[in-house]
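The shown structure was predicted, so the numbers you read here are calculated from the model rather than taken from an experiment.
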Amino acid sequence: MSRTMLPLGGVLVALAAVLLKLVAGPPGLGWYVLAWALFASALWLAGRVPERRLGVLVVAGGIALAATGLTAPPSSSTDSFRYAWDGRVQAAGISPYDHPPADPALIGLRDAWLFPAGCAGRDLWPLPGGGCTRINRPTEPTIYPPVAQGYFLLVHWLSPEGSRHKVLQLGGWVMAALALVALCRLAGARRAACWAWCPAVPVEAVNNAHVDMLGVLLVVVAFSASGAVRARGALLGAAVAAKLLPATALPGALSGVLANGVAWRRVVGTLGPAALVVALSYVPYLLASGASVVGYLPGYLAEERYDDPGDGNRYGVLRLVMPDSWAPYAALALLGLVVLLVLRYGDADRPWQGALLVSGSFLLLLTPGYSWYALLVVALTAMDGRWEWLGAPLAGAVAYTAGPAAAGNPGIYVYAAATLAVLIGWAVRRGAARRPLPAETRS
């Protein structure tokens with residue numbers, strides 16, 4: 001084993017120990033920062049290891065690190081309890097969009113795990129009629145779109161009695177491992193290390209079992225598979241119907257369609273199947289619930305203050321340099337400009353590059369306080385190798401740990417630093433592309 005492999009292995013062992021601490025209970029900010037520092041150190045050391053020797057460490061290390069998320073119940077999110085409930089409701093033949101968990105009509109589906117007898121303990125939500133539940137926002141219907149609901153139902157069917165959150169975590173681990181293998185085949189082990197060793201994967205995709213992992217896997221497969229444009233569009237549509245945020249990857253699939261007029265065949269061939277998959281996935285729920293299929297989405301957007309930027313931490317970077325009231329319009333305009341640039345100048349052979357630019361810009365402009373939203377950016381960074389975009393998931397982790405709605409949230413300043421890092425990275429890469437090659441190279 002080389003001199004570089006030994007310290008790299010030591011750093012990964014230390015990272016595993018920190019991850020075990022993170023998932024053992026509510027993570028402190030210091031532990032998150034330490035995990036990301038070890039992650040950065042591992043990436044730096046990996047740059048000094050030959051690619052052919054790195055593969056086993058990336059795959060085996062990535063699978064092992066992700067497995068640390070299986071060692072404890074969800075540590076910092078209650079979303080998986082809603083997933084389990086939605087699966088149970090559907091198995092009973094009821095649309096999850098029709099009734100909130102607190103509805104007395106569903107009282108027969110309650111059990112001691114999701115609806116404990118007392119209200120002692122953390123992460124419990126009060127019920128209007130008394131008592132508590134582990135399901136967040138129990139007076140609101142579900143927010144999750146239909147492909148996610150299909151996944152919740154499948155997990156419910158596959159879950160043995162009393163398995164609770166464990167099958168959801170196991171599903172996240174399997175999907176994270178599949179994404180890692182696909183990334184290794186597409187981008188190579190060195191870039192795939194960005195996904196394999198990132199702390200967000202074991203914490204958010206596995207331990208907290210966020211359904212975002214399903215959307216990420218579908219995007220990775222869509223961009224990894226060499227096949228028809230229609231197949232890519234269909235997979236991206238399924239990703240959107242799993243967790244909406246993968247819609248930011250769609251412009252990447254259309255990279256360069258405006259380079260010479262409008263490449264209508266590629267536009268229709270991508271967006272047509274995507275829209276069809278989304279529409280078909282909604283049909284059974286639309287027939288059962290009508291307009292209720294929008295679920296809690298409008299309420300969530302209002303809760304997160306996207307409609308009132310002066311009250312909360314959204315659009316945080318923009319609000320550092322302009323009046324609060326301007327920020328939503330500036331974010332919309334800048335995001336639109338980024339999409340236009342991808343459609344006009346994007347590389348059709350590297351669709352993940354445009355997807356990363358749009359998805360990463362979305363996070364930097366809107367500054368969400370939830371770290372799992374950035375799982376897609378981590379995967380796209382692994383595809384493209386532009387490491388500067390990793391500041392966005394780090395900022396999301398800091399913002400969430402400090403409290404998404406907390407005044408003076410330090411995550412905003414990390415988002416600002418991440419934005420600066422992306423701009424510096426762009427300037428450096430642009431300068432390098434313009435620099436003439438040495439004479440011996442040109443000859």
Side-chain angles (χ1 to χ4, degrees), residues 8 11-12 15 18-19 22 27 29 31-47 54 58 61-62 65-66 176 179-180 183-184 186-205 210 212-213 216 219-220 245 248-249 252 316-317 338 352-401 410-429:
L8 176 55
V11 169
L12 292 178
L15 177 57
V18 173
L19 289 171
L22 279 173
L29 183 56
W31 287 107
Y32 255 125
V33 172
L34 178 57
W36 276 83
L38 291 169
F39 170 48
S41 300
L43 291 181
W44 181 77
L45 289 170
L54 194 60
V58 168
L65 287 175
L180 173 58
L183 289 169
C184 283
L186 174 70
R190 197 176 310 282
R191 290 184 178 178
C194 172
W195 173 265
W197 304 335
C198 181
V201 176
V203 174
E204 304 301 355
H210 284 291
D212 301 63
M213 185 60 246
V216 170
V219 171
V220 169
L245 275 175
T248 58
V317 176
V338 169
W352 50 86
Q353 191 173 87
L356 174 59
L357 181 58
V358 176
S359 300
S361 298
F362 180 87
L363 296 183
L364 296 178
L365 290 170
L366 272 67
T367 61
Y370 300 105
S371 48
W372 52 92
Y373 286 8
L375 284 169
L376 178 59
V377 169
V378 176
L380 293 171
T381 300
M383 289 185 179
D384 196 46
R386 297 180 185 242
W387 314 113
E388 59 268 24
W389 284 101
L390 289 173
L394 172 59
V398 172
Y400 183 67
T401 306
I412 299 303
Y413 302 101
V414 183
Y415 268 120
T419 303
L420 183 60
V422 167
L423 293 175
I424 291 173
W426 170 82
V428 170
R429 294 174 192 276

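Here the closest non-hydrogen pair linking Met213 and Ala205 is SD-CB, 3.7 Å. Residues Leu180 and Ala192 come closest through the heavy atom pair CD1-O, 3.9 Å. Contact between Leu22 and Ala35 at its shortest, heavy atoms only, is CD1-CB, 3.9 Å. Nearest heavy-atom pair, Ala382 versus Ala187, reported as atom, atom and distance to 0.1 Å: O-CB, 3.5 Å. Minimum heavy-atom separation, Thr367 to Gly316: OG1-N, 2.9 Å. Cys194 approaches Val378 most closely through the heavy-atom pair O-CG1, 3.7 Å.
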| request: Show your reasoning for whether side-chain contact (heavy atoms from CB on, under 4.5 Å) applies to Leu376 and Thr248. | output: CA-CA 10 Å; Leu376 178 59; Thr248 58; 3.9 Å; yes

| request: Take Val58 and Trp195 through the side-chain contact (heavy atoms from CB on, under 4.5 Å) test and state the conclusion after the steps. | output: CA-CA 9 Å; Val58 168; Trp195 173 265; over 6 Å; no

Please assess Ser41 against Trp197 for the test side-chain contact (heavy atoms from CB on, under 4.5 Å), listing each intermediate value before the final yes or no. CA-CA 11 Å; Ser41 300; Trp197 304 335; over 6 Å; no

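The salt bridge (charged side-chain N to carboxylate O under 4.0 Å, His left out) analysis of residues 187-205, with sequence neighbours excluded, yields the pairs Glu51-Arg190. Judged as a salt bridge (charged side-chain N to carboxylate O under 4.0 Å, His left out), not a single pair has a partner in residues 355-367 (not counting sequence neighbours). Among pairs with a residue in residues 386-396, those fulfilling salt bridge (charged side-chain N to carboxylate O under 4.0 Å, His left out) read Asp384-Arg386, Glu388-Arg429, at least two apart in sequence or across chains.
Formation of a donor-acceptor pair under 3.5 Å by the Ser371 side chain with backbone atoms of Ala397 is not found in this model.
Atom CH2 of Trp352 sits about 13.5 Å away from atom OG1 of Thr381, to the nearest 0.5 Å. We find the CG-CH2 distance between Leu8 and Trp44 to be 11.0 Å, quoted to the nearest 0.5 Å. Interatomic distance, OG of Ser359 versus CG of Leu375, reported as 12.0 Å (0.5 Å rounding). One distance of note links CG of Leu363 with CG of Leu245; it measures 7.5 Å at 0.5 Å rounding. Put simply, CG on Leu357 and CG on Leu380 are 11.0 Å apart, with the number rounded to the nearest 0.5 Å. Between atom CG of residue Leu43 and atom CG of residue Leu38 there is a gap of 11.0 Å, rounded to the nearest 0.5 Å.
For Tyr370, the ring-ring contact (aromatic ring centres under 6.0 Å, His included) test picks out Trp372, Tyr373, Tyr400, with sequence neighbours left out. Every residue two or more places apart in sequence or in another chain that forms a ring-ring contact (aromatic ring centres under 6.0 Å, His included) with Trp36 is listed here: Phe39.
When side chains are defined from C-beta on, Val11 counts as touching Leu45, because their heavy atoms get closer than 4.5 Å. Residues Leu15 and Leu65 have side chains in contact (heavy-atom distance under 4.5 Å, counting atoms from C-beta outward). Residues Leu356 and Val377 meet the side-chain proximity criterion, which asks for heavy atoms closer than 4.5 Å. The closest side-chain heavy-atom distance from Val317 to Leu364 is not below 4.5 Å. Looking only at side-chain heavy atoms (C-beta outward), Val18 and Tyr32 stay at 4.5 Å or farther from each other.
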Please tabulate, one pair per line, all N/O donor-acceptor pairs under 3.5 Å involving side-chain atoms of residues 410-418, not counting sequence neighbours.
residue: Tyr415; atom: OH; partner: Pro368; partner atom: O; Å: 2.7

